[in-house]
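Below is one structure; the comments refer to it alone.
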Amino acid sequence: MTRTDPPPVLDDAVLAFYNEGREQDRLADPRRSIEYLRTMDVLERHLPPAPARILDIGGGPGRYALALASAGYAVTLLDPVPLHVRQAADASASAEHPLTATGVADARALPAPDESFDAVLLLGPLYHLPEPEDRHRAWTEAARVLHPGGVAVAAGASRYYTPWEMIAAGKLDLPGALDAAVGHLRTGRHANPGGDPRLWTTAYFHDPHELAAEAAAAGLGVRALLPVEGPAKLVAGIGEMLQDARRREEILHLLRLLEDRPDVLGTSEHVLAVATAARGRRP
């Protein structure tokens, strides 16, 4: 059942950006599909087995949630953008394996009881919480709703990747792009006063090890800190390569072999922290 609660307070620039509807097809872009393929690869290896209960916090239009539901999981999707929730609910209604529930909600105040899920995903919320206290609230809420021994998987965008992306994509010619890249390296904070969608929206870029420290500060035990794409997304023709089944498996195999290398973390657009809730007293 879809919740119809009023949307939580969200940065106006972030809401306006996502109300353009770009997120629904973003991961279908061949070049961007490496993010989806690698994230699913990590989830398949680290999530508890189906039919575990998963809470996808900030799950957007439901690409990951619906894939996991198809794999037999009981998935609840929450997102602060009402458009995303409507898109996920519509897709779920026509899916062979629908979502358990969808709803508009804020990662910092989850409408879920303590210890009610076996796994939680934070694959989007931390990007748009520039203030450390807000990220801490999101982490502690995720820890609160996790069953003891449950798994949390959270994504951060690496601040050390963005300059290379701007160079490769020719974005340094955009107004404010160079200042934005310098700001990422110094503070991790990103703002887009010009509103050009190619420079994203209000966001925070993590130092990868900062992501793990945030999980630990919420009382979670960090199991792994993994690069998602590494530098593969910057390779010319990567989209075409990934559409060939044999080449796609070769690329994923190589990235898997490199995922425990700490020097690859900063080269990856996204980093995943895999953590577990303590068995016993809750944080």
Side-chain angles (χ1 to χ4, degrees), residues 22-23 25-46 63-64 122-124 126-128 153-174 177-190 192 197-201 203-215 222-274:
R22 297 182 183 89
E23 189 66 15
D25 298 321
R26 182 179 66 84
L27 293 175
D29 180 319
R31 177 171 169 265
R32 294 180 179 275
S33 65
I34 188 67
E35 175 188 343
Y36 173 77
L37 293 167
R38 269 287 295 164
T39 300
M40 286 300 298
D41 180 52
V42 171
L43 294 179
E44 288 167 4
R45 288 182 283 130
H46 287 277
R63 182 71 184 274
Y64 292 107
L122 284 162
L123 301 181
L126 301 179
Y127 304 156
H128 301 302
V153 182
S158 171
R159 68 181 62 173
Y160 308 121
Y161 171 86
T162 54
W164 304 112
E165 169 76 15
M166 287 185 174
I167 294 169
K171 294 180 182 180
L172 286 178
D173 292 333
L174 299 175
L178 180 59
D179 288 341
V182 171
H184 300 167
L185 294 173
R186 288 177 176 169
T187 68
R189 291 174 178 265
H190 175 71
N192 183 4
R198 290 172 292 180
L199 291 181
W200 208 18
T201 184
Y204 184 75
F205 293 89
H206 278 82
D207 177 289
H209 298 286
E210 178 186 24
L211 187 67
E214 290 175 354
V222 179
R223 178 192 296 176
L225 187 62
L226 306 171
V228 177
E229 311 92 337
K233 189 181 167 189
L234 298 174
V235 175
I238 187 65
E240 291 75 14
M241 294 179 198
L242 291 169
Q243 293 181 74
D244 177 88
R246 178 183 64 82
R247 185 62 58 83
R248 179 171 61 248
E249 289 307 312
E250 290 172 348
I251 292 169
L252 290 173
H253 177 63
L254 289 174
L255 289 174
R256 204 176 296 130
L257 292 176
L258 290 167
E259 69 180 18
D260 63 347
R261 294 289 307 175
D263 44 1
V264 178
L265 283 172
T267 68
S268 185
E269 182 177 18
H270 299 92
V271 175
L272 294 177
V274 182

Side chain proximity check, [X] to [Y], heavy atoms < 4.5 angstrom:
X      : Y      : result
Leu272 : Arg38  : no
Ile251 : Leu37  : no
Trp200 : His128 : yes
Asp41  : Arg256 : yes
Val228 : Val42  : no
Lys233 : Glu165 : yes
Leu255 : Glu259 : no
Glu229 : Glu35  : yes

Please indicate whether [X] has more than 12 foreign heavy atoms, meaning atoms of other residues, nucleotides or ligands, lying under 6.0 Å from its [atom1].
X      : atom1 : result
Arg261 : CZ    : no
Arg22  : CZ    : yes
Arg198 : CZ    : no

For Arg159, is there any backbone N or O sitting under 3.5 Å from a side-chain donor or acceptor partner on Thr162?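 Flag set: sc Thr162 to bb Arg159 pair under 3.5 Å.
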Taking all heavy atoms of [X] and all of [Y], pick out the closest pair and write down the distance.
X      : Y      : answer
Pro208 : Leu225 : O-CD2, 3.5 Å
Val264 : Gly230 : CG1-CA, 4.1 Å
Ala181 : Met166 : CB-SD, 3.7 Å
Leu172 : Ala177 : CA-CB, 3.9 Å

Starting at [atom1] of [X], measure out to [atom2] of [Y] and round the result to the nearest 0.5 Å.
X      : Y      : atom1 : atom2 : answer
Leu252 : Leu257 : CG    : CG    : 11.0 Å
Tyr36  : Leu123 : OH    : CG    : 11.5 Å
Glu250 : Leu242 : CD    : CG    : 11.5 Å
Ile238 : Arg32  : CD1   : CZ    : 13.5 Å
Thr267 : Trp164 : OG1   : CH2   : 10.5 Å
Ser158 : Glu210 : OG    : CD    : 10.5 Å

Could you walk me through whether Tyr204 and Arg189 pass the side chain to side chain contact (heavy atoms under 4.5 Å, CB included) test, one step at a time? CA-CA 5 Å; Tyr204 184 75; Arg189 291 174 178 265; 4.2 Å; yes
In sequence, state the C-alpha distance, the side-chain angles, and the governing distance for His270 and Tyr127, and then conclude on ring pair (Phe, Tyr, Trp, His ring centres under 6.0 Å). CA-CA 10 Å; His270 299 92; Tyr127 304 156; 5.8 Å; yes
Starting from the C-alpha separation in whole Å, work towards a yes-or-no answer on side chain to side chain contact (heavy atoms under 4.5 Å, CB included) for Leu265 and His209. CA-CA 9 Å; Leu265 283 172; His209 298 286; 4.0 Å; yes
Is the distance between the ring centroids of Tyr160 and Phe205 less than 6.0 Å?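 No: the rings miss the under 6.0 Å criterion.
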